[in-house]
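Chain naming here is simple, since letters A, B, ... match the order of the sequence lines and numbering starts at 1 in each.
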2 protein chains.
Amino acid sequence: MASHSTTTADLGFAQMLRAHGLRATAQRRAIYSVFADAARADASNAHLSAEEVFQQARVQLPELSRATVYNALGELAEAGLLGLVEGPGPRRFDANVSAHHHFRCRICQELQDVELDSVEVTLRERGFQVESSHVMLEGLCPGCAARPSPAGA
Amino acid sequence: MASHSTTTADLGFAQMLRAHGLRATAQRRAIYSVFADAARADASNAHLSAEEVFQQARVQLPELSRATVYNALGELAEAGLLGLVEGPGPRRFDANVSAHHHFRCRICQELQDVELDSVEVTLRERGFQVESSHVMLEGLCPGCAARPSPAGA
DNA sequence: CTGTCTGCAAACTTTTTGCATATAG
DNA sequence: CTATATGCAAAAAGTTTGCAGACAG
């Protein structure tokens with residue numbers, strides 16, 4: 001129960017995939033659309049696990065398999081179409097590609113987006129109690145950056 | 001091949017555990033000492049997975065079981081004696097309890113501590129290439145903070 | 001057409017659990 | 001003593017893989 005023009009938007013999706021050497025398949029479209037639909041239902045950005053995406057996407061595409069969901073989520077994340085959030089429990093993916101932080105509640109475990117301009121102080125004003133924070137930077141360490149590329153061994 | 005005074009230090013360890021309602025067992029001491037030994041060997045802070053800790057600790061305490069290691073690591077982390085780092089692959093723990101960030105190399109996957117005063121610019125000067133960063137804040141969301149405590153249901 | 005992608009089911013890795021026993025306090 | 005912690009082994013949870021066939025480009 002949720003598809004926009006099914007023409008312009010889908011073309012854009014196909015383009016983005018092609019730009020990363022990925023083919024536009026019905027499975028990937030179904031998987032990606034789960035995030036759009038969830039956002040519409042939740043009002044806010046959803047953070048979905050592979051299993052949740054699988055269950056939802058299967059509604060539109062019953063023959064979809066888990067392996068395909070895992071593959072597609074990894075590919076979409078690598079292509080920059082989805083964001084990947086590591087944490088306790090399964091990995092979660094979100095469609096919010098813009099720079100943002102995440103806040104996880106110790107009790108309900110719910111994950112919420114935090115815009116970059118709202119840090120701990122602002123959060124506290126909104127009723128969040130920040131107990132710990134963790135920053136993970138990723139890229140190339142000096143050793144690997146010095147090596148031309150992981151060609152030979 | 002690595003134990004300090006085996007008296008004062010151990011007492012401190014027992015005290016810290018007791019302060020969190022945990023008993024001082026030989027297993028927990030062996031598990032915790034793995035980090036101290038690793039730090040001495042590596043010169044820098046080690047980020048160990050449960051399996052690595054298990055293998056190392058078993059040298060001192062052969063009858064140690066995996067389940068105990070998983071339990072102990074979780075308890076020590078919750079008690080604030082160890083830090084927990086989530087990411088791809090297994091969870092990793094470190095003995096660096098002070099506030100710090102982590103940097104993971106995309107190629108070698110190695111994890112390094114990053115002091116708070118050295119952010120992306122400083123890292124770049126040191127030869128690191130930061131490609132992405134992720135911040136995870138944890139605590140209580142407005143809803144759970146409002147509820148007195150998760151008593152009834 | 002051709003090479004990528006998919007489905008299936010099984011393997012693999014990582015973590016948790018149940019229960020009888022051992023042990024710290 | 002008594003409740004907590006442990007060991008064992010099995011299961012649950014989460015993710016990856018191999019291979020034959022389907023489909024996008």
- Message: Taking the basic N atoms (NZ, or NE/NH1/NH2) and the acidic carboxylate oxygens, is any pair closer than 4.0 Å for A:E63 and A:R58?
- Response: no
- Task: Inspect the contact between B:E86 and B:R92 and indicate whether a charged nitrogen and a carboxylate oxygen are less than 4.0 angstrom apart.
- Result: no
- Within 6.0 Å of CD in A:E78, more than 12 heavy atoms from elsewhere: no
Take atom [atom1] of [X] and atom [atom2] of [N], then tell me their distance rounded to the nearest Å.
X	N	atom1	atom2	result
B:E75	D:dT6	CD	C1'	11 Å
B:R28	D:dG7	CZ	C1'	14 Å
A:Q15	D:dA24	CD	P	17 Å
B:R66	D:dG7	CZ	C1'	12 Å
B:R29	C:dA24	CZ	C1'	10 Å
B:F54	D:dC8	CZ	C1'	11 Å
B:R23	D:dC1	CZ	P	16 Å
B:L61	C:dA22	CG	P	16 Å

Which nucleotide in [options] has an atom nearest any side-chain atom of [X]:
X	options	result
B:Y70	C:dT15, C:dC5, D:dC8	C:dT15
B:T25	D:dT15, D:dA5, C:dT16	D:dA5
A:Q27	C:dG7, D:dT15, D:dT17	C:dG7

- Checking all strands, does A:A24 fall into the base, sugar-phosphate, or nothing category for heavy-atom contacts under 4.0 angstrom?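 The residue A:A24 makes sugar-phosphate contact but no base contact.
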- Task: Indicate, with a heavy-atom threshold strictly under 4.0 Å, whether B:E63 touches base, sugar-phosphate, or nothing.
- Result: sugar-phosphate
- Taking the side chain as C-beta and beyond, is there a heavy-atom pair between A:E131 and B:L140 under 4.5 Å? yes
- Message: Quick check on DNA chain C: between A:T68 and B:N71, whose nearest nucleotide comes earlier from the 5' end?
- Response: A:T68
- Query: Any donor-acceptor pair under 3.5 Å linking the side chain of B:H100 with the backbone of B:S98?
  - Reply: yes
